[in-house]
Amino acid sequence: MAIRLDEVRWGMIGCGAVAERKSAPAFNKVAHSRLVAVMGRSAEKAADYAARHGVPRWYADAKKLIADPAVNAVYIATPPSSHAEYALQALRAGKPVYVEKPMACRYADCLVMNQAARDAGLPLFVAYYRRALPYFLQIKALIDAAAIGTVLAVNIRLVQTPRPADRNPEQLPWRVNPDIAGGGYFYDLACHTLDALDFILGPIVDVTGHCANRGGLYRAEDTVAAAFRFANGAIGSGFWCFAAAETRRADSVEILGSAGALSFSTFAFTPIMLENAAGTRQFLPPNPENIQLHLIEAIVAELRGQGCASSTGETAARTNWVMDAICGHLG
């Protein structure tokens, strides 16, 4: 989809925690990019965010932000249940979209969003920023260089203890409300690992899984197990639990190859461990201060006709398909 903007002038819908440090400050750090407007459902919150971050305009109505002629690209930083609605509005208004992850609550919504982007002839990007982080680029480079030979299998393990807010039934976080998040922390966190593996190894084409709520703290699943197969023939397994004891915490991914193995983490950014016939080596590329910076750089470059960003609606929809398949939400 060809589009050439001299300067990308972002309008941001949503001004919650992700916009404080991870994403929004990066818009003004990238050349030929500016954050020019912000919208929040609370006028007071939107005005406060704009004042604190030096954003020229603020709105309490998304339609007004999208219609603002100063805005020529829209970033959607709201919970997943509203991603499709806002993305469709922006695309139909002729403005490219960058939407937070997961792309939507359900795979079916992702398909609608992608069709809208095709109909508008505009790009749609998703905030799977690990695709642009040096840490995961290093892992992909090692795999592509056959540092562990042929990839045979993958194992994912993410185990966490309940957060204090999870124990307050009167004020549960939106991330454990399936109506807003699509599921629980599995949808919020596992998507990062699954998308990173899609980037590193290629798409998952076959998957099965089981979900359960074992902690009883909220409606969403808190324990998930899955088995899957990549298009390249490698197989994998994953276990995610968000109701375990503090002593059982884990954040690990191991890629086993015919000539060695790679191990790393999705969230802790522990050193990447490469083991092969040459011995054991460690790699730990640094992260930028604003974790989405490198992906935003790539998006801005593409919008200016000078590059190609790796996290699109098409790639992100595959991750939603995998999660929906695991949790029995397809069809």
Check whether any side-chain heavy atom of Leu194 sits under 4.5 Å from a side-chain heavy atom of Met323, and report yes or no.
yes
Between Glu275 and Arg281 (salt bridge meaning N to carboxylate O under 4.0 Å), is one present in this structure?
no
Intermediate values then yes/no, side chain to side chain contact (heavy atoms under 4.5 Å, CB included), Leu111 and Met113:
CA-CA 5 Å; Leu111 297 182; Met113 294 163 72; over 6 Å; no
Between Trp10 and Ser33, does any side-chain donor sit less than 3.5 Å from a side-chain acceptor?
yes
Those residues at least two apart in sequence (or on a different chain) that pass salt bridge (Lys or Arg N to Asp or Glu O under 4.0 Å) with Asp206 are none
Do you reckon Tyr59 sits in the same ILVMFWY cluster as Ile66, going by side-chain contacts under 4.5 Å, direct or chained?
yes
For His294, ring-ring contact (aromatic ring centres under 6.0 Å, His included) partners two or more places apart
none
Given Val253, Ile200, Leu133, the one that forms side chain to side chain contact (heavy atoms under 4.5 Å, CB included) with Ile139:
Ile200
Shared hydrophobic cluster, Met39 / Val18 (ILVMFWY, side-chain heavy atoms < 4.5 Å):
yes
N/O donor-acceptor pair under 3.5 Å between Arg34 side chain and Asn28 backbone
no
Do Asn72 and Lys95 have side-chain atoms, one donor and one acceptor, less than 3.5 Å apart?
no
Tell me the closest heavy-atom pair linking Cys15 and Lys45, and the distance in Å.
O-CE, 3.5 Å
So which pairs with a foot in residues 140-163 pass salt bridge (charged side-chain N to carboxylate O under 4.0 Å, His left out), sequence neighbours left out?
Lys140-Asp144
Quick one: pull up CG in Leu256 and OG in Ser263 and give me the separation to the nearest 0.5 Å.
11.0 Å
With clusters defined by side-chain heavy atoms of hydrophobic residues (ILVMFWY) lying less than 4.5 Å apart, directly or transitively, does Leu172 cluster with Leu217?
yes
Contacts of Tyr218 meeting ring-ring contact (aromatic ring centres under 6.0 Å, His included) (sequence neighbours excluded), chain-then-number -> none
Mind checking whether Phe267 and Phe269 have ring centres under 6.0 Å apart?
no
Leu293 backbone acceptor or donor facing Asn290 side chain under 3.5 Å
no
Selection residues 239-267 - residue pairs positive for salt bridge (charged side-chain N to carboxylate O under 4.0 Å, His left out), sequence neighbours left out
Glu246-Arg249
Approximate separation, where rounding is to 0.5 Å, of Leu142 CG and Phe264 CZ
10.5 Å
Please name all residues satisfying ring-ring contact (aromatic ring centres under 6.0 Å, His included) with Phe283, sequence neighbours left out, ordered by chain then number.
none
Minimum side-chain heavy-atom gap Ile204-Leu197 below 4.5 Å:
no
Looking just at side-chain N and O atoms, do Asn177 and Arg219 make a donor-acceptor pair shorter than 3.5 Å?
yes
Would you check if the side chain of His329 reaches a backbone N or O of Tyr107 as a donor-acceptor pair within less than 3.5 Å?
no
For the NZ atom on Lys63, are there more than 12 heavy atoms of other groups (residues, nucleotides or ligands in this structure) within a distance under 6.0 Å?
no
Could you tell me if the side chain of Tyr135 sits less than 4.5 Å from the side chain of Leu284, heavy atoms only?
yes
Filter on side chain to side chain donor-acceptor pair (under 3.5 Å), then keep only pairs touching residues 184-194, sequence neighbours left out; what's left?
Lys101-Asp188, Arg130-His192, Asp166-Tyr185, Arg175-Asp188, Tyr187-Asp324, Thr193-Thr266
Can you tell me if Ile235 has over 12 outside heavy atoms packed within less than 6.0 Å of its CD1?
no
State which residues pass salt bridge (Lys or Arg N to Asp or Glu O under 4.0 Å) with Glu85; sequence neighbours excluded, sorted by chain then number.
none
Among Thr312, Leu91, Leu303, side chain to side chain contact (heavy atoms under 4.5 Å, CB included) partner for Pro123:
Leu303
Under the 4.5 Å side-chain heavy-atom rule for ILVMFWY, direct or indirect, which residues accompany Val159?
Phe239
Closest contact, heavy atoms only, Ile76 versus Ala87
CD1-N, 3.3 Å
Within the 4.5 Å heavy-atom criterion, are Val205 and Arg229 side-chain neighbours or not?
yes
Can you list everything that forms a salt bridge (Lys or Arg N to Asp or Glu O under 4.0 Å) with Arg21? Sequence neighbours excluded, please.
Glu289
State plainly whether the residues Asp48 and Arg52 are in salt-bridge range, i.e. N to O under 4.0 Å.
yes
Could you give me the CA-CA distance, side-chain angles and deciding distance for Ile148 and Ile143, then say whether side chain to side chain contact (heavy atoms under 4.5 Å, CB included) is met?
CA-CA 7 Å; Ile148 61 170; Ile143 293 293; 3.7 Å; yes
Suppose we call two aromatic rings close when their centres sit under 6.0 Å apart. Are Phe186 and Phe242 close by that rule?
no
Is there a path of hydrophobic side-chain contacts, each under 4.5 Å between heavy atoms of I/L/V/M/F/W/Y residues, joining Leu189 to Ile180?
no
So do Leu262 and Met273 actually touch side chain to side chain, heavy atoms under 4.5 Å?
no
Under a 3.5 Å cutoff, is there a donor and acceptor pairing between the side chains of Gln292 and Glu297?
no
Determine, using the 4.5 Å side-chain heavy-atom cutoff (strictly less than), whether Phe27 and Leu5 are members of one ILVMFWY cluster.
yes
Could you walk me through whether Asn320 and Arg106 pass the side-chain hydrogen bond (donor to acceptor under 3.5 Å, both in side chains) check?
CA-CA 6 Å; Asn320 263 85; Arg106 291 289 175 265; over 6 Å; no
Nearest heavy-atom pair of Ser311 and Arg131: which atoms, and what distance?
CB-CD, 3.7 Å
Sorted by chain and residue number, the ring-ring contact (aromatic ring centres under 6.0 Å, His included) partners of Phe199 (sequence neighbours excluded) come out as none
Whether Arg4 and Glu302 form a salt bridge (side-chain N of Lys/Arg under 4.0 Å from carboxylate O of Asp/Glu) is what I want to check.
no
Do any N or O atoms from the side chain of Glu221 and from the backbone of Gly184 form a donor-acceptor pair under 3.5 angstrom?
yes
Check whether Asn114 reaches the backbone of Gly313 with its side chain - one donor and one acceptor, N or O, closer than 3.5 Å.
yes
Decide yes or no for Ser265 and Ser252: does some side-chain heavy atom of the first lie under 4.5 Å from some side-chain heavy atom of the second?
no
State whether Arg304 and Asp6 are salt-bridged, where the test is any N-O pair (Lys NZ or Arg NE/NH1/NH2 against Asp/Glu carboxylate O) under 4.0 Å.
no
For residues Tyr128 and Thr319, is any side-chain donor paired with an opposing acceptor at under 3.5 Å?
no
Parallel, tilted or perpendicular: which fits the ring planes of His53 and Tyr49, with parallel below 30° and perpendicular above 60°?
parallel
Flag, side chain of Thr223 to backbone of Asn213, donor-acceptor distance under 3.5 Å
no
Contacts of Arg318 meeting salt bridge (Lys or Arg N to Asp or Glu O under 4.0 Å) (sequence neighbours excluded), chain-then-number -> Asp198
Any side-chain heavy-atom pair of Leu88 and Val112 under 4.5 Å:
yes
Report yes if some heavy atom in the side chain of Met103 is under 4.5 Å from a heavy atom in the side chain of His83; otherwise report no.
no
